[in-house]
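Have a look at the structure below, then the notes.
We use all heavy atoms of the structure for the numbers below, so side chains are in, but hydrogens, waters and symmetry mates are not.
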Number of protein chains: 2
Amino acid sequence: MITINEIAQRANVSRTTVSRVINHSGYVSEEVKRRVLKVIEETGYVPSENAKSLRTKKTKVIGVILPKISTETSSRLVKGLDEIFAKEGYQILLANTNLDPEKEIEYLRLLKSRHVDGIILSATNINSPLVEEIYQLKIPFVTVGQHIPGLANVIFDDYQASKDMVHLLINKGYKNIAFIGVDEEDRSVGYLRKLGFLDAMKEKHLPVEESWVQKGIFDVDSGYECMKSIMDTSKRKPTAVLAVTDRLAIGALQYIKETGMSIPDDIAVAGMGASELSRFISPPLTTIEFSMKDAGREAAGLLLEQINGENDHEIIRKIKYRLLERSSI
Amino acid sequence: MITINEIAQRANVSRTTVSRVINHSGYVSEEVKRRVLKVIEETGYVPSENAKSLRTKKTKVIGVILPKISTETSSRLVKGLDEIFAKEGYQILLANTNLDPEKEIEYLRLLKSRHVDGIILSATNINSPLVEEIYQLKIPFVTVGQHIPGLANVIFDDYQASKDMVHLLINKGYKNIAFIGVDEEDRSVGYLRKLGFLDAMKEKHLPVEESWVQKGIFDVDSGYECMKSIMDTSKRKPTAVLAVTDRLAIGALQYIKETGMSIPDDIAVAGMGASELSRFISPPLTTIEFSMKDAGREAAGLLLEQINGENDHEIIRKIKYRLLERSSI
DNA sequence: CTGAAAGCGCTTACAG
DNA sequence: CTGAAAGCGCTTACAG
């Protein structure tokens, strides 16, 4: 490992001077500069970011905490983040919690110990020890997808999006609408989307049978099972089903197809998330596009502002969503 | 920012001692240990990894260079990597080249300057300046997906996989097989898969019309265009088409469906990659599963071995693949 | 069992 | 325009 001292020696200058030419700071005569640059070139010297950040207190690294690493949601989010951060010379340090709440806290500390310049958290379940930890962090911080009071938030209007979808279904003439949700611990996807569904139905005075409302987990098989369960246990069969994620919707769709019923004539299906699958499945799935890439860009922007000392109060930035009406309804 | 000095002061010991209790190294009396631990607890002190690595020369960070950040391939690879690395306390620093060859070299240097303990490169195009740079790096290094002589490689047998798929098609009775490839600069996906196709056809003495062989890029639309071009320009129409990625195959499939032809009766379609789409598209797509997750695990393992001073010679680890025969052929 | 001191590779006032 | 010195927050021989 070649160091600044070695460059200084070889170029016959002090390491102060070498530092100055590397960082384009302070005055250095043209001749000396050339000499130093030449030695750097020859040796292939690369300054140690570690040593540098020990002094400057800046690492140019952003910690990104993800609940799952290989989902479409996460990878689009990271793409959006990286788009902005890379431009400003920041790199992303990944922390994958695998949905383990303890890991969230653990990684928060780890990222702090690595002196990242900021943290982006894409959480599913927000619990109070986590929030406590975040408040004590004193590091630029932005959360995506879930609201945490007092911090910078980039979120979607899950409640309204869900309502909008129900309205769309109702406008198309569907009245008996079933619902496949997820655990309400997940406030955005589990609680708010369900609430939007229930409120929309209530406002239109449409009854919701208990058996029409099922709770699954985040995968296709679970959607399949939920749909089966809806059909098996309901006296009055629904004519439409809304699932809080596309994967759940696609599972439901598979079950319906298997039983020989037709979509949307016998049952309409709608999802949320605008996964790539939704476009290519047959029939194409009606869904809601939440642009995670935009969310990522927005979150990166907010974090950068905090790093530059602006906007250290609560911010709630809602990302627009779009209803994608396709032939499954 | 609270430091080891402050802990030492508060606990009335030297920072040497604090260091010892943090790292469980050397003797510390039970009583002193308790005192130090208590202060650490109270203050929420987290040692600076930066300062630590400046001394120890270890960062516990692995640099991962990806050609594209939000593809299924990349995210599965990262998942496999993270699975192994996280267990050993390593974190991943992401570097996304967006297919820009200059960025590969730039990031190689950047990662070096950050003193990552090792680098994983998932490259598409290997050029000689890049290879030169890698050889000079002197950092534990593993490449995934493309072969680089003299280094540790985790690859798939693209040539044989392609051949196997052609044999499968031939065994099913297809003789006029078209091919949608990508630029041969990409040695694995572009060159080797095409060569496998051509050799398999040649060995069975099956002619390949020039118009049957098209070159696209990595997306669905491109597959659509290639298929259109095959059908428009061929006097003798093919009865099957093999595409080097699932997305290309799905584009082809869309075009075929649009023209009212039936799959596989009029034309059979096969892809490669076992994307999630391939399972849910209709008809389900015959494809080849290259497990990127396994590749990731394997690559992480090899890198860890190098970090521990083993296996610094060339290694070629081939990851198994599986033919997934589905109703598109 | 404990601590003083040197050193990791940088940057940054300060002085000249 | 240039350099000597202090210091960032740790670890690690060395000495006691």
Take the protein atom CD of B/Glu30 and the nucleotide atom C1' of C/dT2, then report the distance between them rounded to whole Å.
-> 15 Å
Could you check how far CD1 of B/Ile7 sits from C1' of D/dC10, rounded to whole Å?
-> 13 Å
Grab the CD-P distance between B/Gln9 and D/dG9 for me, whole Å please.
-> 13 Å
Check the distance between C/dC8's P and B/Arg114's CZ and give it to me in whole angstrom.
-> 22 Å
Rounded off to whole Å, could you give me the NE2-to-C1' distance for the A/His115 and D/dC8 pair?
-> 10 Å
Short N-O contact, A/Glu49 and A/Lys60, less than 4.0 angstrom = no
Could you list all the salt bridge (charged side-chain N to carboxylate O under 4.0 Å, His left out) pairs where at least one residue sits in residues 1-23 of chain A, not counting sequence neighbours?
-> A/Glu6-A/Arg10
Which parts of residues 36-44 of chain B get close to DNA chain C, meaning a heavy atom less than 4.0 angstrom away?
-> none
Can you find a side-chain donor-acceptor pair between A/His115 and B/Ser48 that sits under 3.5 Å?
-> yes
Taking only residues two or more places apart in sequence or in another chain, which ones pass side-chain contact (heavy atoms from CB on, under 4.5 Å) with A/His24?
-> none
List for me each residue that meets side-chain contact (heavy atoms from CB on, under 4.5 Å) alongside B/Pro140, sequence neighbours excluded, and say none if there are none.
-> B/Leu303, B/Gln306, B/Ile307
Base-paired stretches in DNA chain D with three or more consecutive Watson-Crick or G-U pairs, both distances under 3.5 Å, amount to C:1-3 with D:14-16, C:5-12 with D:5-12, C:14-16 with D:1-3
What string of B, S and - do you get for nucleotides 11-16 of chain C, 5' to 3', if B is base contact, S is sugar-phosphate-only contact and - is no contact with any protein heavy atom under 4.0 Å?
-> BBB---
Closest nucleotide of DNA chain C for B/Ser29 versus for A/Thr3: which of these residues is on the 5' side?
-> B/Ser29
Within residues 116-128 of chain B or reaching into it, pairs that qualify as side-chain hydrogen bond (donor to acceptor under 3.5 Å, both in side chains) - sequence neighbours excluded = B/Thr59-B/Asp117
State whether B/Ser48 places a side-chain N or O below 4.0 Å from either non-bridging phosphate oxygen (OP1 or OP2) of D/dG9.
-> no
When the distance from OH of A/Tyr45 to C1' of C/dG9 is rounded to whole Å, what number comes out?
-> 7 Å
Can you tell which of C/dG9, D/dC10, D/dT2 lies closest to the side chain of B/Lys57?
-> C/dG9
May I ask you to verify if any side-chain N or O of B/Thr17 is less than 4.0 angstrom from the OP1 or OP2 atom of C/dG3?
-> yes
Residues that B/Asp312 engages under side-chain contact (heavy atoms from CB on, under 4.5 Å), provided they are two or more places apart | none
Partner residues of A/Glu42 under the salt bridge (charged side-chain N to carboxylate O under 4.0 Å, His left out) criterion, sequence neighbours left out | A/Lys38
Partners of B/Arg76 by salt bridge (charged side-chain N to carboxylate O under 4.0 Å, His left out), sequence neighbours excluded?
-> B/Glu72
For B/Asp82, check salt bridge (charged side-chain N to carboxylate O under 4.0 Å, His left out) against everything at least two apart and list the hits.
-> none
Tell me, please, which residues at least two apart from A/Phe85 pass ring pair (Phe, Tyr, Trp, His ring centres under 6.0 Å).
-> none
